[in-house]
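Have a look at the structure below, then the notes.
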There are 2 protein chains.
Amino acid sequence: MAERETDRSVSQTVRAQLALRDQILTGGLRPGERISELQAVETTGASRTPVRMALVRLEEEGLLEAIPSGGFMVKAFSERDILDSIELRGTLEGLAARFAAERGASARNLEPLKECLADLDQLVRRDPVSEEAFSAYVTMNARFHALLTELSASAPLIRQIDRASALPFASPSGFVMAQSKLPEAHQILLIAQDHHRIVVDAIENREGSRAEAVMREHARLAARNLRLALRSRTHLDLLPALALIQSPGLA
Amino acid sequence: MAERETDRSVSQTVRAQLALRDQILTGGLRPGERISELQAVETTGASRTPVRMALVRLEEEGLLEAIPSGGFMVKAFSERDILDSIELRGTLEGLAARFAAERGASARNLEPLKECLADLDQLVRRDPVSEEAFSAYVTMNARFHALLTELSASAPLIRQIDRASALPFASPSGFVMAQSKLPEAHQILLIAQDHHRIVVDAIENREGSRAEAVMREHARLAARNLRLALRSRTHLDLLPALALIQSPGLA
DNA sequence: CAAGCAATCATTGGATTCAATATGTATACA
DNA sequence: TGTATACATATTGAATCCAATGATTGCTTG
């Protein structure tokens, strides 16, 4: 904490938004808890005006919920909510892949994606996947998904995917780290990478339906990872965002 | 204009948001045009603080775009953007229908949808569809889509569909009025209503894939309507939201 | 002793003020 | 005559101030 350098380049609103989001995801603010504006002013260092702006943005982002009587509270998510968010993201990415395939992504535009694919191949090839390799995979995987999304060349769709991926547990790389400690880790990684290969191939060959289907299935890997991690109750500390999970019927 | 009664029940922010949205959709503010906060203060009657809140919300809603140097401008949409937004909404509604089917919507929950279906049947049956019947159809159709969305029983999905339908030209009833004056009007209405019937049947029979497919195709009717209306250049005045359309390469 | 009402206090929503930056214009120089 | 620079002005972003509403606590009464 205590990033008190005023960092003139970024607005107070953005700074407050980042600080509050961090507090929410790391569990500093519990789900259901009402957020005090005054308290937020203290912890973020910004004034009340930018804090309120940040609260509005976080509500639109889906992390906060407006209280009818005024103010905001941290939203609580059920396991079902998270699984649905993943399926939703997969559906949108499937649509993006289909658009890319049907509209004929040019070879020039496909190039960065194929390079990314090759880089991922390098990482996945070595058998005992090191900690750093996993971390690098997370980064490259995020890049792959971002490139694929852009390949749809559809501004409205890109926008929606970004919004859907904003929830950390719905993002493409949300649960990769969770699996890193599982025995099935390498297996899952290989399968995921095969999906990547297939979607690129499908786009190249203009197979829209195939591209769409594989991206949907690809997202379900994340759902499997989540369930595995939750059931084995191990290394949940790798997933700070899980502080937002709450069983449906809790105050 | 001039709703100056202070209507204490609703917040200034909401009032400003509604007023600005109206100005945008009716073309009072042209796409690409920078929105002056002072001017907005004048036209909406609210102070600068709620006006700025409203601007942030409208940006998240997708009607505005942030200017890097500060402030907001009205977003411009291409015809392609609108068609994609419709396809996107159809995809999401398809997912909702699939969820409803696969998870077994109870007979009790299906009841309101079937009633709505029956009401729509009444409206569609008469051959020369009157102006009022069309208007009633728009309302009932919106209700049908809302009920179907809720039937998914998935909060994240409902949220996303609402967001996607917020753009007026992507909403389920966005282009129904546009077709009302076309010669094919009744035909299209009958086909749309058949889609409604099919999706209810599919959900009842737990046919997830069928339910999903028909909702996707259903949305494409809206795309057809839009293209017909644009090509025939007739009755575009029925679609005020089209003020936002602009060819890609315009200042 | 419990329940209801009233009063005080805290907290949010809105208004105004202040400062910093971006934009536009005019002038001067090349 | 065109371009660049400097200055003036307008506009946004932030902070403080004010008002109104909702919550909490204590007191009174049944």
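Since this is a predicted model, take the numbers as computed values, not measurements. To find a chain, count down the sequence lines: A is the first, B the second, and so on, and within it residues start at 1. Only heavy atoms go into these numbers, but all of them, side chains included; no hydrogens, no water, no symmetry mates.
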Note to self: For B/I35 and A/R34, find the nucleotide of DNA chain D closest to each by heavy atoms; which residue's nucleotide sits nearer the 5' end?
What the structure shows: B/I35

Next item on the list: Flag yes if more than 12 heavy atoms outside B/R159 fall under 6.0 Å of its CZ atom; otherwise flag no.
Entry: yes

Item checked: Euclidean distance, atom CG of residue A/L55 to atom P of C/dT11 [Å, nearest integer] -> 15 Å

Check: Considering residues, nucleotides and ligands other than B/R143, do more than 12 of their heavy atoms fall under 6.0 Å from its CZ?
Finding: no

Checklist line | Value in whole Å for how far the P atom of C/dA22 lies from CD of B/E37 | finding: 15 Å

Notebook entry, point to check: Looking only at side-chain N and O atoms, does A/R52 come under 4.0 Å of OP1 or OP2 in C/dG13?
Noted result: yes

Margin query: Under 4.0 Å from OP1 or OP2 of C/dT23: is there any side-chain N or O of B/S69 that close?
Written below: yes

Checklist line | Distance, rounded to the nearest Å, where A/R48 contributes CZ and C/dT12 contributes P | finding: 7 Å

Margin query: Measure CD1/A/I67 against C1'/C/dG13 and give the value in whole Å, please.
Written below: 14 Å

Item checked: Atom-to-atom span, CD of A/Q12 to C1' of C/dA20 - whole angstrom -> 13 Å

Next item on the list: Can you tell me the distance, in whole Å, between the CD atom of B/E33 and the P atom of D/dT11?
Entry: 13 Å

Checklist line | Any side-chain donor near an acceptor of the partner, A/T149 and A/E93, under 3.5 Å | finding: no

Next item on the list: Go through the steps for A/L167 and A/F77 under the test side-chain contact (heavy atoms from CB on, under 4.5 Å), then give the verdict.
Entry: CA-CA 11 Å; A/L167 281 322; A/F77 295 91; 4.2 Å; yes

Margin query: In this structure, how many angstroms lie between the P atom of D/dT12 and the CG atom of B/L38, rounded?
Written below: 7 Å

Check: Is A/Q39 near enough to C/dT11 that one of its side-chain N or O atoms lies under 4.0 angstrom from OP1 or OP2?
Finding: no

Margin query: With a 4.0 Å limit, can you tell me whether B/T49 has a side-chain N or O closer than that to the phosphate oxygens OP1/OP2 of C/dG14?
Written below: no

Checklist line | C/dG14 phosphate, OP1 or OP2, under 4.0 Å from B/T13 side-chain N/O | finding: yes

Note to self: What verdict does the side-chain contact (heavy atoms from CB on, under 4.5 Å) test give for A/H218 and A/H145, after you've listed the backbone C-alpha separation in whole Å, the side-chain angles of each residue and the deciding distance to 0.1 Å?
What the structure shows: CA-CA 11 Å; A/H218 185 57; A/H145 283 259; 3.3 Å; yes

Item checked: Interatomic distance where CD belongs to B/E59 and C1' belongs to D/dT12 [whole Å] -> 15 Å

Notebook entry, point to check: Between B/S47 and C/dG14, is there a side-chain N or O to OP1/OP2 distance below 4.0 Å?
Noted result: no

